[in-house]
Protein chains: 2
Amino acid sequence: MNKKKVSLKDIAEKAQVSTALVSYVLNGKEKESRVGHEIAAKIKAIAREFNYEPNYLAKSLRSGKTQTIGLIIADISNPFFANIARIVEDEAKKYGYTVIIGSSDEQAEKSWDLINVLLNRQVDGFIIVSSENTEEQIQYLIDKNVAFVLLDRHFPDLPTDFVSLDSHKAAFDAGAHLIEQGYRNIGLIAYKSRLFHMKERIRGYRDSLEVGQIAFQPEWLKEVAFHTVEEEIKAGIDDMLASDHKVDALIFATYRLAIAGLKYINSLGLKVPDDLAIVSFGQAEAFDLYYCPITYVLQPMEELGKTAVEILVSKLKNSNAEQQQILMQAQVMVRDSSRLKVPVA
Amino acid sequence: MNKKKVSLKDIAEKAQVSTALVSYVLNGKEKESRVGHEIAAKIKAIAREFNYEPNYLAKSLRSGKTQTIGLIIADISNPFFANIARIVEDEAKKYGYTVIIGSSDEQAEKSWDLINVLLNRQVDGFIIVSSENTEEQIQYLIDKNVAFVLLDRHFPDLPTDFVSLDSHKAAFDAGAHLIEQGYRNIGLIAYKSRLFHMKERIRGYRDSLEVGQIAFQPEWLKEVAFHTVEEEIKAGIDDMLASDHKVDALIFATYRLAIAGLKYINSLGLKVPDDLAIVSFGQAEAFDLYYCPITYVLQPMEELGKTAVEILVSKLKNSNAEQQQILMQAQVMVRDSSRLKVPVA
DNA sequence: GTTTTTTGTTTAATCGATTAAACATACATT
DNA sequence: AATGTATGTTTAATCGATTAAACAAAAAAC
């Protein structure tokens, strides 16, 4: 609906030259194309006067580059991803890229849709937080030779660039921390998922028990389905508490799980950490506000996001740049919810 | 980086016809353009076989429409805006639009940048959550005849479409609710801002006191600057508590303010609601998790977002559609933080 | 005074799709 | 047979920018 925009042609007409000259001058190619000084100055003046802004569509159509990145995440209304999105947005802008965000809701099908929509929109590349069962999508991108970087989650069997968290180490540290604080019956609530990072968190947790010489009890590990989190968490916690090896500490593998779990723990009237110590992945304001601040696994969000953009941009510049596979370290931020266990008298 | 995409021309060559026919057929204009049945079928078959997807850039360049909406918000990492963004994203997709989100950080300058970047990207229209002092930007869009809808905030003096909350009524209700629950010394923490919705929240609060026949005390109202929220809130709460008319209830005008305020209230060891009742704007998970669930002003986010998209889309379809100015009603969701005041013995 | 080189500028193809207008046929009317 | 009307299909301009190649005129070389 804009008033007709100023085009190269308008400037060319006004300056009485061809559009070629205008293009050369406005792209700083006066030297190579040896444009006359006076004409160049004249063109610049007119461009300024007309407030000329090039048409990105035309540029993109010609160049095949849109200076646009597609960011696929699970859900922008989840604080974790919203944070990531913000960081990616800011970082991309530094390199002159615009970001288009799409939420997959952890559904492979939606993820497919997004990839297709964004490819149609000719994004130059993708940053993807993969959902379960999307290996074929990734393979498709590889086959099509589309540039992309996986963020936060990756597939160990696929040869892709990625920037993820060392989930095994993070979960191990979380478990080790609880053990150190005197807890012995430690449960983990994770998602039921084939995703590698989730499997790694489970493995890290179990390894921490093993190193701590604690015999793992099957009922300590609950893997809940994405779409029935609320109910399964309740049942899971009930089960853990009814166990012969009643848990005295609980690790949540993600922020969403922690929110749901803590709500239920509240409703049971359990006191944290006396009745149940807590460590969770994913920092959030909610944790600060809890009556007992929650110990959490701090993920280097800023670095994760920035590095992903960096890698993608360098791939876009040089398509045969070396593959980068980066695992970043998390840090256990100790708060009250995992304070030293008071031995039961 | 994709393998060369299939274009109309490729199909035309394969089918031994001109690109015009292919275009007609694939756009369902076989009838009007009376394309032969066999040829049409052939073209469709080839298109399917080649897995043809039209190039949006070319389409857009020709049509002048990009089927893209620019969404300008304060900060995507703020849950309130992230929610809005998600709703807008989903709703826009239903109409075939893609959304590009930009965060202004409440800074007029960044907002300008975003508008320019997005205009260059040829977005068809905007949905804008305005920052302070951006009236001239809005006026610029009006002058340029760019389609847009203001969301959540609007300028009463500018003739624009908008979808906002009835902030006066919402704040009034919040105040009235507290009065009804027996609180008499009610404070309000708001942003220091010229923005209308903020002024309205303050006015609504004051009107509720007046109707409740409570004499307003200047120290009950704190307007804190955006960039020094933390410190100013602390000072403000200290002041309210030290007052001769010590507050027994507090309203927060936004989610961010509530988070900062509650943290400080926690650290002071005050108990909600016995020492201080609370009502806040903006629902959030954090409120559910608080030891005493927070009474909040429920904004009809879903409807706000959907309606904004709807209005914008109808404007894009018909540029002289009637101007829509919609104020939606919020609802006070009563929880424990504003329970009936227990009279001090 | 030619020929070559340098300097300055224009032409025209291209990216991929859309669409009015022109152009062919075939068929129907009178 | 001449004319009119459907029915199919192609041509070519267009959106706005880029850029190799062609062209022309002036300056340098011999």
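No experiment lies behind these values; they were computed from the predicted model shown. First the proteins, then the strands, lettered A, B, ... as listed; each starts at 1.
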**Q** Taking it one step at a time, do B:K306 and B:E302 satisfy salt bridge (Lys or Arg N to Asp or Glu O under 4.0 Å)?
**A** CA-CA 6 Å; B:K306 282 191 176 179; B:E302 190 98 7; 3.7 Å; yes
**Q** If you pin B:A58 and B:S18 to their nearest nucleotides in DNA chain D, which one's is more 5'?
**A**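 Nearer the 5' end of the strand: B:S18.
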**Q** Bend angle of the helix from C:dG1-D:dC30 to C:dT30-D:dA1 from five-pair axes at both ends, rounded to 10°?
**A**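 Between the first-five-pair axis and the last-five-pair axis there is 70°.
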**Q** Tell me, yes or no, whether the heavy-atom count around B:K14 atom NZ, taken from other residues, nucleotides or ligands under 6.0 Å, exceeds 12.
**A**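 Check fails, neighbour count at 12 or below.
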**Q** When you measure from every atom of DNA chain C, which of residues 26-39 of chain B have a heavy atom less than 4.0 Å away?
**A**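 Output list: B:N27, B:K29.
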**Q** Give a yes-or-no answer on whether the side chains of B:R121 and A:T98 include a donor-acceptor pair shorter than 3.5 Å.
**A**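 Looking only at side-chain atoms, A:T98 and B:R121 do form a donor-acceptor pair, the distance falling under 3.5 Å.
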**Q** Please check: side-chain N/O of B:Q137 versus main-chain N/O of B:A108, any donor-acceptor pairing under 3.5 Å?
**A**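 Such a contact is found between B:Q137 side chain and B:A108 backbone.
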**Q** Closest-nucleotide mapping onto DNA chain D: is B:A20 or B:S63 further toward the 5' terminus? I mean the 5' end.
**A**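 Nearest nucleotide further toward 5': that of B:A20.
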**Q** For the residue pair A:W112 and A:Y140, does the interplanar ring angle fall in the parallel (under 30°), tilted (30 to 60°) or perpendicular (over 60°) class?
**A**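 If you compare the ring of A:W112 with that of A:Y140, the planes turn out perpendicular.
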**Q** Hey, does the side chain of B:N27 reach the backbone of B:K29 with a donor-acceptor pair shorter than 3.5 angstrom?
**A**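 No; zero donor-acceptor contacts below 3.5 Å.
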**Q** For a quick check under 3.5 Å, do A:D75 and A:S77 share a side-chain donor-acceptor pair by atom type?
**A**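 There is such a pair (donor and acceptor under 3.5 Å, judged by atom type) between the side chains of A:D75 and A:S77.
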**Q** State, without any angle test, whether B:S131 and B:S111 hold a side-chain donor-acceptor pair at a distance under 3.5 Å.
**A**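 Not at all, the side chains of B:S131 and B:S111 share no donor-acceptor pair under 3.5 Å.
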**Q** Between which nucleotides of DNA chain D, 5' to 3', does chain A make heavy-atom contacts below 4.0 Å?
**A**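 Answer, 5' to 3': D:dG16 to D:dA20.
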**Q** Between A:R86 and B:D105, is the closest basic N to carboxylate O distance under 4.0 Å?
**A**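 So B:D105 pairs with A:R86 through a salt bridge.
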**Q** Tell me, do A:S103 and B:E89 make a side-chain contact under 4.5 Å, heavy atoms counted?
**A**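 In short, these two side chains touch, coming nearer than 4.5 Å.
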